[in-house]
Enquirer: 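Starting off with a structure, shown below.
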Amino acid sequence: MDENQQNLHHLLDFELLNKLIVGIGEVSDITGIPTRKIRYWEEKGAIESEKSGEGSTRRYNYLNVKKMLLIQEMLDEGFTLDAAIKKVEKRMETLNEAFRKLANTMTEHRE
DNA sequence: GTTCTCACA
DNA sequence: TGTGAGAA
């Protein structure tokens, strides 16, 4: 597989990741975080799930899942939930901004 | 399977 | 900071 093929492969992975939307049960299975705790965190403003239009079941994308895992790590390290929420929020904010800039430079330099 | 709420540790 | 139980 040459370099171009690898780049394409990674872009496809990213697309799939962006479209990956799962229910609370699956998130719980993947992360090991009980569904009860996920709802509790949501109640405390840690995460915002997209509620699927018709039904009322919560839907989570990979950023939500990532956020939960980060928060769980912070709690394990002794942070309070509120502190963990704020810290993770800030981390993901700067991360997303950096990648947004990176994406911009990539499109600017294309063609 | 999911939702909520109330009580409890 | 969570959990258990019950009900829809």
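Quick caveat: nothing in here was measured; it's all calculated off a predicted structure. Here is the naming used below: chain letters follow the sequence lines, and residue numbers restart at 1 for every chain. Keep in mind that the numbers below use all heavy atoms, side chains included, and drop hydrogens, waters and symmetry copies.
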Enquirer: Between C/dT1 atom P and A/Ile33 atom CD1, what is the distance in whole Å?
Expert: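 It is 15 Å, rounded to the nearest whole Å.
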Enquirer: Taking atom P of B/dT3 as reference, at what distance in whole Å does atom CD of A/Glu43 sit?
Expert: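 After rounding, the gap between these two atoms is 13 Å.
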Enquirer: Between A/Arg39 and B/dT3, is there a side-chain N or O to OP1/OP2 distance below 4.0 Å?
Expert: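 For B/dT3, OP1/OP2 do have a side-chain N/O of A/Arg39 under 4.0 Å.
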Enquirer: With a 4.0 Å cut-off, would you call A/Lys67 and A/Glu89 a salt bridge?
Expert: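 The answer is yes: the pair qualifies as a salt bridge.
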Enquirer: What integer distance in Å separates A/Ile38:CD1 from B/dT3:P?
Expert: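 Taking CD1 of A/Ile38 and P of B/dT3, I get 10 Å after rounding.
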Enquirer: How would you label the contact of A/Asp29 with the nucleic acid (heavy atoms, under 4.0 Å): base, sugar-phosphate, or nothing?
Expert: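 A/Asp29: no heavy atom of the nucleic acid under 4.0 Å.
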Enquirer: What is the distance, rounded to the nearest whole Å, between atom NZ of A/Lys44 and atom C1' of C/dT3?
Expert: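 My rounded result for the distance is 14 Å.
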Enquirer: Give the nucleotide from the list C/dG2, C/dT3, B/dT2 with an atom nearest to the side chain of A/Leu81.
Expert: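 The answer is C/dG2, which lies nearest to the side chain.
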Enquirer: For a side-chain hydrogen bond (donor to acceptor under 3.5 Å, both in side chains) with A/Tyr60, tell me which candidate from A/Lys66, A/Glu50, A/Glu48, A/Glu42 qualifies.
Expert: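 Looking at A/Lys66, A/Glu50, A/Glu48, A/Glu42, the match for A/Tyr60 under the side-chain hydrogen bond (donor to acceptor under 3.5 Å, both in side chains) is A/Glu42.
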Enquirer: To the nearest Å, give me how far apart OH (A/Tyr40) and P (C/dT3) are.
Expert: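 Taking atom P of C/dT3 as the reference, OH of A/Tyr40 is at 9 Å.
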Enquirer: Is there a path of hydrophobic side-chain contacts, each under 4.5 Å between heavy atoms of I, L, V, M, F, W or Y residues, that connects A/Leu20 with A/Val65?
Expert: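 Yes.
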Enquirer: Whole angstrom is fine here: how far is it from CD1 in A/Ile47 over to C1' in C/dT1?
Expert: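 Atom-to-atom, A/Ile47 to C/dT1, this comes out as 15 Å.
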Enquirer: Heavy atoms from C-beta onward define the side chain here; which of C/dT1, B/dT5, B/dT3 lies closest to that of A/Arg36?
Expert: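 For the A/Arg36 side chain, the nearest candidate turns out to be B/dT5.
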Enquirer: From B/dT3, C/dT3, C/dT1, pick the nucleotide closest to the side chain of A/Thr80?
Expert: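 Ranking B/dT3, C/dT3, C/dT1 by closest atom to the A/Thr80 side chain puts C/dT1 first.
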Enquirer: Do any N or O atoms from the side chain of A/Asn64 and from the backbone of A/Asn61 form a donor-acceptor pair under 3.5 angstrom?
Expert: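 Yes, the answer is positive, given that a donor and an acceptor are paired below the 3.5 Å cut-off.
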Enquirer: Closest approach to the side chain of A/Arg58, judged atom by atom: which nucleotide of C/dT3, C/dT1, B/dT3 is it?
Expert: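 Selected nucleotide: B/dT3.
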Enquirer: Take the protein atom CD of A/Glu26 and the nucleotide atom P of B/dG1, then report the distance between them rounded to whole Å.
Expert: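 Rounded to whole Å, this separation is 12 Å.
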Enquirer: Can a donor-acceptor pair be found, under 3.5 Å and without considering hydrogens, that links the side chain of A/Thr31 to the backbone of A/Val27?
Expert: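 Confirmed, A/Thr31 side chain pairs with A/Val27 backbone.
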Enquirer: Roughly how many Å is it from NZ in A/Lys37 to P in B/dT2, rounded to a whole number?
Expert: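 For the pair A/Lys37 NZ and B/dT2 P, the rounded distance is 17 Å.
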Enquirer: Please check the phosphate of B/dC4 (OP1 and OP2 only) for any side-chain N or O of A/Lys51 closer than 4.0 Å.
Expert: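 Yes, within the criterion.
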